[in-house]
Amino acid sequence: MKIRIAKQPVDLIRDEIIAAGIFEGSKRLGTAAARINKHTAGMIKDILASGDFTGKLYQTMLLYVKKGLKTNRVLLVGLGKEDEFTPERLRGATASAANRVRDLGLKKFVCPLGFAHVRGLKPGGKARACVEGMLLGLYRFDEFKSKKATEQDRLGTCTILVDENDALNEVRAGVKEGRIIAEATCMVRSMVARPGNSATPTYLAGTARSIARREGLKCSVLDARSAKKMGMGAFLGVARGSDEPARFIVLEYVPVKTKAGKPIVVVGKAITFDSGGISLKPANNMEEMKTDMAGGAAVLGILQACARLKIPRRVVGIVPATENLPSGSALKPGDVITAMSGKTIEIISTDAEGRLILADALTYAHRFKPDAIIDMATLTGACIIALGNDVSGMMGTDERLISCLKAAGEATGDRVWQLPLYEQYGELIKSDIADIKNVGGRPAGTITAGYFLKEFVGEVPWVHIDIAGTAWTKTNKPCAPKGATGAGVRLIIEMLRRWQD
Ligand code: BES
Ligand code: ZN
Ligand code: ZN
């Protein structure tokens with residue numbers, strides 16, 4: 001989709017359709033709606049008075065206008081209650097509007113920045129939110145359909161209409177940022193939705209290499225032999241059961257202009273299919289386990305966005321990638337393996353494989369002498385039970401990093417909620433025969449998984465984000481159609497911009 005920016009009065013716009021937001025139960029119209037109302041002899045006020053359109057959140061209504069405007073379609077978009085409005089709702093409202101316009105088969109859509117007023121958002125931030133909402137909301141995954149979305153059902157151009165006094169350069173920057181962040185998120189969605197026979201560890205490594213080439217990042221990929229030389233016994237323990245070769249991917253972004261200090265390292269679990277291994281999962285819904293690489297995919301998207309946004313700090317991405325399958329050579333319950341850190345791990349369930357590959361990735365992260373480490377993983381079903389599908393779980397060792405991520409989550413709508421890591425949880429993963437075991441039982445399943453990871457982070461400030469519930473949505477949401485969501489991308493980008501070292 002092309003995005004244009006124009007400074008023009010609403011009544012002179014000739015494009016096919018203009019959107020105007022309406023707050024529920026508010027007497028005062030927003031700037032765009034007020035202007036349209038004025039040029040159409042009070043049409044919007046009349047409709048509101050009739051009660052046919054109330055401004056309920058994400059409700060839309062198409063109006064045909066014969067006189068007063070140069071366009072003949074206006075799309076009213078409900079914004080909900082004015083005092084409950086947030087940037088996330090602005091994204092949702094523009095997403096609903098864009099979807100309605102596409103469903104109408106129209107090609108040119110005008111979204112005025114006067115669409116809605118959001119407390120604390122300047123024109124640049126507003127433009128960014130509108131662009132994010134539209135691109136995230138319009139996303140579809142059709143790579144595996146023989147009939148692709150054609151030109152006919154695609155929105156061609158969106159014009160962001162700025163107000164008289166809005167600073168054009170700020171709006172331009174906002175549009176650019178919004179596009180970069182949304183495109184990275186959508187790239188991640190497509191990787192996550194891609195089936196396991198296509199999105200293999202080799203495929204992820206290839207994708208990382210092409211991102212690196214395109215964006216000027218450093219990229220190195222270890223195969224099983226090099227991983228063995230490094231002593232990655234936990235990562236290789238998981239990889240052993242599969243014929244598909246494992247890959248340990250490292251991407252590095254170094255800012256050009258700013259002095260490159262200590263990096264932030266982001267680690268992402270990439271199990272390209274999790275069958276459970278010898279501790280085989282039940283057959284029902286097992287196909288969903290192709291998404292068990294969502295953390296790793298998010299890391300690749302984050303690195304792409306860092307380069308495009310020219311984030312002023314070093315960022316390293318680490319993605320251990322392998323399948324988890326049962327076979328004659330697979331890891332077995334009861335086995336003991338030695339992780340790269342030297343710690344021995346008793347395997348209770350081969351289905352608790354994510355923490356194993358992350359253990360070695362977290363150990364490897366220390367080579368970069370990081371300022372902080374953040375890992376993202378579809379780690380535990382228990383996290384879905386605890387927090388559902390709209391909020392990711394968060395645990396860590398550094399309060400400043402935790403509050404930075406919490407704030408970034410609230411600002412982006414890619415939300416996180418902290419769970420505790422009290423030392424009592426450590427008791428649950430003590431093993432009788434090895435240093436630790438990989439399962440702590442059913443109680444506090446998300447926390448004991450987090451505690452297991454903590455054993456590999458040492459003194460470096462660290463946070464773990466469990467995206468098991470948030471990486472995939474079974475229902476259509478305004479900014480995320482059914483399927484992969486790209487969780488973690490917007491969260492970490494925002495955190496990287498806020499973090500002060
Ligand atoms: N990949 C799963 C976690 C998961 C479950 C992600 C549902 C997304 C949706 C993970 O590897 C796993 O199987 N975890 C086990 C751990 C248990 C054996 C301690 C779980 O959550 O059941
Ligand atoms: Zn598993
Ligand atoms: Zn898994």
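For the numbers below, each heavy atom of this structure counts, side chains included, while hydrogens, waters and symmetry mates do not. Indexing begins at 1, ligand by ligand and atom by atom, following the structure's order.
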Please determine whether a side-chain nitrogen of the Lys or Arg among Lys474 and Glu288 lies less than 4.0 Å from a carboxylate oxygen of the Asp or Glu.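 Result for this pair is yes, salt bridge flagged.
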Stepwise, does the side-chain hydrogen bond (donor to acceptor under 3.5 Å, both in side chains) test hold for Asp360 with Thr363? CA-CA 5 Å; Asp360 284 346; Thr363 304; 4.8 Å; no
Closest to atom 2 (C) of ligand 1 (judged by heavy-atom distance), picking from Asp466, Val238, Asp274: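 That would be Asp274.
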Nearest to atom 13 (O) of ligand 1 by heavy atom, Leu356, Thr380, Asp351, Ile348: which?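 The nearest heavy atom belongs to Asp351.
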At what distance is the nearest protein heavy atom to [atom], and which residue and atom is it?
atom	value
atom 18 (C) of ligand 1	Ser349 OG, 3.6 Å
atom 7 (C) of ligand 1	Met289 CE, 3.6 Å
atom 20 (C) of ligand 1	Gly381 N, 3.9 Å
atom 10 (C) of ligand 1	Leu379 O, 3.3 Å

Could you tell me whether Arg355 approaches ligand 1 through its side chain, its backbone, both or neither, with non-hydrogen atoms closer than 4.0 Å?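 Looking at Arg355 and ligand 1, just side chain atoms fall under 4.0 Å.
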When you look for heavy atoms under 4.0 Å from ligand 1, do you find them on the side chain of Glu288, its backbone, both, or neither?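 Neither part.
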Measuring to the Zn ion (ligand 3), does Lys269 have an N/O/S atom at a distance below 2.8 Å?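 It does: Lys269 brings an N, O or S atom closer than 2.8 Å to the Zn ion (ligand 3).
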Vertex the Zn ion (ligand 2): angle to OE1 of Glu353 and OD2 of Asp274, to 10°?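 Once rounded, the angle between the two atoms at the Zn ion (ligand 2) is 100°.
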Give the name of the N/O/S atom in Asp292 that lies closest to the Zn ion (ligand 3).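 Distance check against the Zn ion (ligand 3) picks out OD2 in Asp292.
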For ligand 1, which atoms sit closer than 4.0 Å to a heavy atom of [X]?
X	value
Lys269	1 (N), 10 (C), 11 (O)
Val439	19 (C)
Glu353	11 (O)
Ile384	7 (C), 9 (C)
Ala468	6 (C), 8 (C)

Value rounded to 0.5 Å, distance of CD1 in Ile271 from CE in Met289: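 Interatomic distance, Ile271 CD1 to Met289 CE, rounded to 0.5 Å: 11.0 Å.
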Do other residues, nucleotides or ligands put more than 12 heavy atoms under 6.0 Å from Arg314 CZ?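 Yes, CZ of Arg314 has more than 12 neighbouring heavy atoms, counting only those of other groups under 6.0 Å.
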Whether over 12 other heavy atoms sit under 6.0 Å from Asp142 CG: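 Counting other residues, nucleotides and ligands, CG of Asp142 exceeds 12 neighbours.
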Picking from Ile402, Ile465, Leu453, Leu419, what satisfies side-chain contact (heavy atoms from CB on, under 4.5 Å) with Met395?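 Option passing the side-chain contact (heavy atoms from CB on, under 4.5 Å) with Met395: Leu419.
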Given side-chain hydrogen bond (donor to acceptor under 3.5 Å, both in side chains), test Thr200 with Thr272 step by step and report yes or no. CA-CA 6 Å; Thr200 59; Thr272 58; over 6 Å; no
Using the six-membered ring wherever Trp is involved, compare the ring planes of Trp462 and His464 and label them parallel, tilted or perpendicular (cut-offs 30° and 60°).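 Correct class here is parallel.
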For the pair Phe456 and Phe452, name the ring-plane relationship: parallel under 30°, tilted 30 to 60°, perpendicular over 60°.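 Tilted, since the angle between the ring planes falls between 30° and 60°.
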Which residue, Thr470, Asp292, Asp466, forms the side-chain hydrogen bond (donor to acceptor under 3.5 Å, both in side chains) with Thr378?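 Of all the options given, the one that passes is Asp292.
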When you measure from atom 22 (O) of ligand 1 to the protein, is at least one non-hydrogen atom found at a distance under 4.0 Å?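 No, there is no protein heavy atom closer to it than 4.0 Å.
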Would Phe235 and Tyr364 count as a close aromatic pair, with their ring centres under 6.0 Å?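 No; Tyr364 has its ring centre 6.0 Å or more from that of Phe235.
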Below 4.0 Å from ligand 1: does a non-hydrogen atom of Asn438 turn up there or not?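 Outside the 4.0 Å threshold, so no.
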